[in-house]
Every structure is written in structure tokens, then in C-alpha cells.
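Comments concern the structure below.
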Amino acid sequence: IPMAKNCHNDYKMKFSLDEEFPDLSLHNNHMAKVLTKEIYGKLRAKSTPSGFTVDDVIQTGVDNPGHPFIMTVGCVAGDEESYEAFKDLLDPIISDRHGGYKPTDKHKTDLNFENLKGGDDLDPNYVLSSRVRTGRSIKGFTLPPHNSRGERRAIQDLSIEALASLDGEFKGKYYPLDGMTDAEQEQLIADHFLFDKPVSPLLTCAGMARDWPDARGIWHNENKTFLVWVNEEDHLRVISMQKGGNMKEVFRRFCVGLQKIEEIFKKHNHGFMWNEHLGYILTCPSNLGTGLRGGVHVKLPKLSTHAKFEEILTRLRLQKRGTGGVDTASVGGVFDISNADRLGSSEVDQVQLVVDGVKLMVEMEKKLEKGESIDGMIPAQK
Amino acid sequence: MASSFSRVLSSKRNLGILSVVGGSVTAGFLLHREHLSAGPSVRRLYPASAEYPDLRKHNNCMASNLTPTIYSKLCAKVTPNGYTLDMAIQTGVDNPGHPFIKTVGMVAGDEESYEVFADLLDPIIKERHNGYDPTTMKHPTDLDASKIHSGQFDAKYVLSSRVRTGRSIRGLSLPPACTRAERREVERVVVDALAGLKDDLNGKYYSLTQMTDEEQQQLIDDHFLFDKPVSPLLTCAGMARDWPDARGIWHNNEKTFLIWINEEDHTRVISMEKGGNMKRVFERFCKGLKEVERLIQEKGWEFMWNERLGYILTCPSNLGTGLRAGVHVKLPRLSKDPRFNKILDNLRLQKRGTGGVDTAAVGGTFDISNLDRLGQSEVQLVQTVVDGVNYLIECEKKLEKGQDIKVPPPLKQFK
């Protein structure tokens, strides 16, 4: 790809490093902890072939000093090459965020659902729903913070073509955000499928809501158990879900569906972005590796108020969220429990942790209901 | 203090003759500025037709004027500072329409945007400024406040009087495009100049990053503090980047002259008072502006201005004078009269709620100000407001006495 002339960055180079270095004195995100003047000085003249620069990478972190619930990453990639061009900044951030992951480490991909043990017997009296999501980026296109309308539309066109060729349990329909009928929109809202224009400044400051709703849409199968978002925070977000606790079935459908989709994109010479160091390449460095969040909505009113709840989650390598998603608090003792890791372990490993961990926590909840102690059940660090 | 920035020492009418203070880097930068049309093209992966925005549901001035042909002609152009058409129109693509007002839908990233993207901006300017044709007409500037007559309103009706405008520092990019270094330089240049103001204009600067809690509370109580923009019209244009770095508020000790730094424009200059003495408000406005201009010129800087477009600001709606002169006035009876809007139109005035541009009126008290910005001078516009508000007050008094009012004939557009 010929090098794009980034005139704005060339112009910016006339100003000194000190004058351009952002004020991060009140900031608390991964980018602010890692970015020194030395690193900024080394990277500021660089531009990826598509024209993405270090200022583009960090803008969201400069504009959003911190978040009340979570330690945000504070930077994004604009294209596959960002992870290489800005490795001096991104490698330490990746290491911080992903448990010490080193630049020389290799990531294992395992989408063979048969390697998952159990997972079909989580108690539906407690586990209300099960879900696995990931993201995929399509090689040859820049990412949502950076892509142009032409690119975004090409991604949509390719995705529609690929998804239209699915059949059997995956036969489905695409609903473009700017072309759906009112009836279709109401149904998608009722199904909790419809995604809306991002309002989180974490995303808007990174430029991901530009041109909304142009070339954005939702595809789902007839059974409403397999869903693909096109052009939201990533090129594709792939979601497998169903009510109840059969995570095994959710994961099977996830793996089979993903692999079918990948085959079709490869045939069009636009496979998914992946490498053996970082696994699947996504917009946010927090989603590298598997990009996988496998989780359940589970009722844990007693366990969640237990003094050791946080510690148990940490040891199980799980995280909690409210049932509204990443930015929310829990309601009525129902939590969204999912894997904390993304990079350095495989899809099967991560879903296994969820299955085993949730099973244990439900047993703990039952014990607490009977007034018994759970001290003997506290697990060792996984 | 030596600066790595270029400083233009010429008068504003001699743009062709540029003296440069600084090193060779700035000399190269300045020479480059002269060759607008020779700027390098950005790489386009896709043809213009694939990139043309979907404006079918849009209702703003940009959407009304951006044809595929114009887009195709301009999409590969770039200003010397690296600003492109896609950047300029992003706010209009992201914000299809506004319930109360037809928005402009486009901004300038630098002074050169108005030249490089003239094929789109000229028709937008003509539409927004009621027929002012920037290709043929000249804009008059007049800051001689002594020319204003009858500029004191009945204080039983007029609660407060205010005049605001904006000024941009030539040589530095505008808020949608400026780098952190440029924004900090704007702050330095302006704060430096303001420190030289004396007597009734003597005052103090409060940086948004450094003000104390007490200072912040006082500024809020005085209704002076501006906050990070939340309007998507501004955030989608990139004006809130790096907030609150290099943003601040300056005001004089008497709290009648106020300057915002690095909000929607490099500077917003506001003169205000309780009561109805618009003439005095405007006198202070002109005096303060001229003083600040003199002080920055001493250091080799000047305001962006040309005779085609007047003062250059971020939003095309603020070109010309950039001036909004207005009052908060009680018109409980007149505002209920069905002829109210027509009277305002003919007087070339606009109404807003007392919270500003996006708000509705409360209790019959309105913000009444001039409609026009470009094609008439500051003196002409303020006189229009003075004459118009006096007329509105006369109407209100007549209605109080049970008398009838008349709709005045429409004022001539360009004088």
C-alpha cells in the first residue's frame, strides 16, 4: 500500500515535542501511565501507510482522563499496522492490560468447541442467559477510528455478501441501520439486538461514531441465537446467545458460525486480521487475542455481598459487570460474569474458566442460602 | 520571548508582503502558505462517488449545497495545515438537523479553508447570510461606538445588555484543527496581550486547568464559566479535543468585559452590563477590542481578517462582524401577539431563550439580538438592535395601554 501523505502530521512536526506533549497530570488510564515524552518523541513523526499517527492513537485517552468503574485503555488502533508502528507505546500497554504479556509471547487460538468440558449443566434457576461474543477485523481495511465512508461501505457490502451465503441454523437476514422499517426496529429493540449510535465519549472521541448510521447494520439468524454487528466499535462483532445455562451449546454455535464466516471472507481475499503474537487484531488493545467475552447473567444476591466476592472472582479469572454491560452497575443481585482474560489463552481456555467458575459460584450461592459457610470452597488462584 | 511560530508584521491590507521573525523552518512554513492551490493531494483509496456522504435525511446548509460535483472537485484538496474537506463537513454529516435552527453543517480548520473550499463555502455563506455574495461584495468594518444614538433602553423592560464577537489569531489553526502546541500558543499570545490592559479594563486570567475551587465557584456564580462543549455540533467538529488544555477565561475587575480563550473560537470577546445602557456596553466593547489588537500587534501578531469575509471565525455563520448584540427584555404582551415574529423579522432581529441559542424563553423574557453578521458593520448592526429594541418596547407599552401596534416595514438588507 503506498504511503499516505499525512499533511496534517507533517505540519505538526514544526512544533516542538514539549509543546505538543499532552497534559496527562490528572489522568488515570493505561495510555497515561505508559506514555513518556521519550516515547512520544520517538513516535510523533511516524504514520502508518494509511496515515494514522500516535496522536490519533491516544486522542481518546487524552480526552477521557478516567472512568469510575474501570481502568480504561486510553488508546485505539486505526489499522492493522498501528500495532507495529506504535509498538513502543502499545507493547507496554498490552503488557499492563494483559497480565504481563511480553512482546515475544505467542497467542494460542483454539476454536474447537469439542475441547470444552461440561458447560451444558449450569442451573437455569440461577443462570438466566449465556452469551459469547468476539470481534473480527477484515484484512485490507482500516479500523473504525480511521476508516472513510468508502471503506466502511465496502466492509458492509462484503459482510452482507458473506452472511447471505450462510444456511441451516445460520440462515438469516441483514438489517441496515439507515434502512430498516419502524416495525423491524421495534422488533430488534424488543429482542435486545439493536445497537445505537455510541454515546460513550471513550468511543466518540476516537472517531468511531462518524457518519452514523452510514454502513452500519445488524444481521441475525432466524432463531435469534447468532448475531453480527457490522461497523460499530469493530468491523464485526459476532455474538452467540440464548436463555438459560447451556454455555456448551452457545459456544458450539459460536465456533461453527465464526469458522463458516471466516471461510467466506477468505474466499473473497479478505480474511480476518490475525497474527501469532497478538491473535485477532481489534480496534481496542483490550480485545486482542481472542477478543472473546464469554459470560452469563447469573443471580448471586448472597454471594455478591459476601466479603470475599471480589477475591473469588479474581482467583477464578472472572470479572463482573452490571446487566447493562461494561459501563453499568448490577440490578437486583443479577450480575454479568465473564472471563477477564483475552490475550495469552485460547477461546476454549477462557470459556472453560467461565463454565467452571460460574458452576462453583452457583454452588456457593446455594450454600449461603442454607446458611452454610463457603470458606472451604474458596478456590486457589487459577 | 522567542517563539517558534511565524509572526506577521505587515498590516492586514498587505498580505502579499510578509516579514518573518524566526528560523528557517518558519520561513519555509510561511512561503508554503502562499501556494494554496499547489498543496499536495491526500491519497484516495476510493473514488469520490464511493466517499460522497449520504445526505438524504439531512437539513443543514452544507447538505443543501454539497453536490457530488463539488465534492468530487474538492475532496482531494488540502490546506497548507493539512485540513481536508471531509474534516470540514464531518459535523454536518454527523448532525443531520436541529429542531430550532437550520445549522451550517461545516466549519473552517484554518484561514485558508475559506479559500481552498470556496466552491462549497461561498454558496453556504450566501445562503446563511441572506444573499451576501462573497465573490462580489465587500464587508465593512466599523468599531466607532460614538456613532450610536438612542442607545440607552428603558430599564423597566431591558434587564441586561450584551455584545459579543470572536477573534482569531492569524497564523494559527482554528479550534477544529489546531494542535495542542497551537492552542497553547493562542493562549499565550492572548493572555500576554490582556495583561497589558489598564484602568477599567484591567483584569485577570483564569486557566481552566489551574483555577482553584473558589475561583471556579465565583465564575459559575457570575455566569462566566464555560464548560466543555456537549453539543454534538461542536464535538463532532473536534473542538473539544484535549479539554481543558489551554482553555481559560479572562475578565476585567469590574466584570463587564470578558474573554473566552479556545472554546469554539480562538477568542470570544464579551462586553456586558445589567440594565439598558447598550451604548456604554458597545463603547467598552470597541475600546477593549482595539486595545487587544494593538497589544498583539506590538508582538507581531494580528487578527484574521479580509475585506471579502471580514473577521474570520470557525463557523461560517460568524463571519463578517461575528457580532451578536442583544438584550434580555421583558415583552410578556408583545410575545403573545401573533405579529411578534413578523415584527422581529422586519426589524432584522432574532429571539432566543434567556439560556442562549438552544433554549426557549422563560416568563415572557427574551434574548433579542441582531440576525445579521456579514455585509453590515458593527455600528450598523448595533444601531439596528438599538432601533429595533426601542420599537419593541414601544409596542409593549402600547399593548399595556390597550392600544394597537403596527408591524414596521422591512429593513433594507445591505446598507
Side-chain angles (χ1 to χ4, degrees), chain A residues 1-26 40 44 49-51 53 55-56 58-65 140-142 147-154 157 176 178-179 197 199 201 204-205 207 209-215, chain B residues 3-6 23 25-26 28-29 32 39-57 75 78-84 86-87 90 93-96 109-110 173 177-185 209 228 230 232 235-236 238 240-246:
Chain A
I1 304 172
M3 180 76 68
K5 178 134 184 60
N6 189 324
C7 306
H8 186 62
N9 204 51
D10 292 343
Y11 169 72
K12 209 185 289 186
M13 291 308 297
K14 299 180 201 301
F15 309 133
S16 77
L17 163 62
D18 281 336
E19 283 302 323
E20 287 294 353
F21 190 73
D23 181 350
L24 302 172
S25 49
L26 295 173
Y40 186 74
R44 64 186 291 240
S50 75
T53 65
D55 277 335
D56 296 326
I58 67 174
Q59 190 68 57
T60 179
V62 176
D63 289 346
N64 298 289
F141 295 101
T142 64
N147 56 20
S148 71
R149 284 179 292 272
E151 284 193 282
R152 208 185 291 114
R153 290 162 179 173
D157 289 344
D178 60 3
K197 182 167 173 175
V199 292
T204 55
C205 293
R210 286 171 304 127
D211 314 313
W212 204 273
D214 196 320
Chain B
S3 163
S4 62
F5 288 81
S6 68
V25 167
T26 55
F29 158 58
H32 192 53
S41 300
V42 297
R43 181 187 69 129
R44 305 299 303 201
L45 267 181
Y46 294 83
S49 56
E51 296 287 1
Y52 182 73
D54 182 351
L55 302 171
R56 287 171 297 170
K57 296 200 184 122
C75 65
V78 60
T79 70
N81 309 329
Y83 201 65
T84 65
D86 279 337
M87 294 170 183
Q90 191 68 60
V93 176
D94 289 346
N95 297 289
D110 47 28
S173 304
C178 64
T179 74
R180 280 181 291 270
E182 289 187 289
R183 201 185 292 113
R184 292 164 181 173
E185 184 71 357
T209 55
K228 182 167 174 174
V230 292
T235 56
C236 292
R241 287 172 304 128
D242 313 313
W243 203 274
D245 195 323

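Note on naming: letters A, B, ... go to the chains in the order of the sequence lines (proteins, then strands), and numbering restarts at 1 for each one.
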Could you look at [X] and say if it's the side chain, the backbone, both or neither that has a heavy atom under 4.5 Å from chain A?
| X | answer |
| --- | --- |
| B:D245 | side chain |
| B:A240 | backbone |
| B:Y83 | neither |
| B:R241 | both |

So which of B:R180, B:K57, B:K228 has the largest heavy-atom pair count under 4.5 angstrom toward chain A?
B:R180
Please report the shortest heavy-atom distance between A:E20 and A:R44, naming the atom on each side.
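Closest pair (atom of A:E20, atom of A:R44, distance): CG-NH2, 3.5 Å.
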Ignoring hydrogens, what is the shortest heavy-atom contact between B:E51 and A:S148? Give both atom names and the distance.
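In terms of heavy atoms, the two residues are closest at OE2-OG, 2.6 Å.
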Cut-off 3.5 Å, side chains only: do A:D63 and A:T60 have a donor facing an acceptor?
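Per modelled atom types, A:D63 and A:T60 side chains form no pair under 3.5 Å.
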Do the side-chain N and O atoms of A:D55 and A:Y40 include a donor-acceptor pair separated by under 3.5 angstrom?
yes
Any side-chain heavy-atom pair of B:S173 and A:Y11 under 4.5 Å
yes
Contact leader toward chain B among A:N64, A:D211, A:L26, where contacts are heavy-atom pairs under 4.5 Å:
A:D211
Part of A:Q59 within contact of chain B (heavy atom distance under 4.5 Å):
side chain
Side chain to side chain contact (heavy atoms under 4.5 Å, CB included) between A:E19 and B:T179, intermediate numbers included:
CA-CA 9 Å; A:E19 283 302 323; B:T179 74; over 6 Å; no
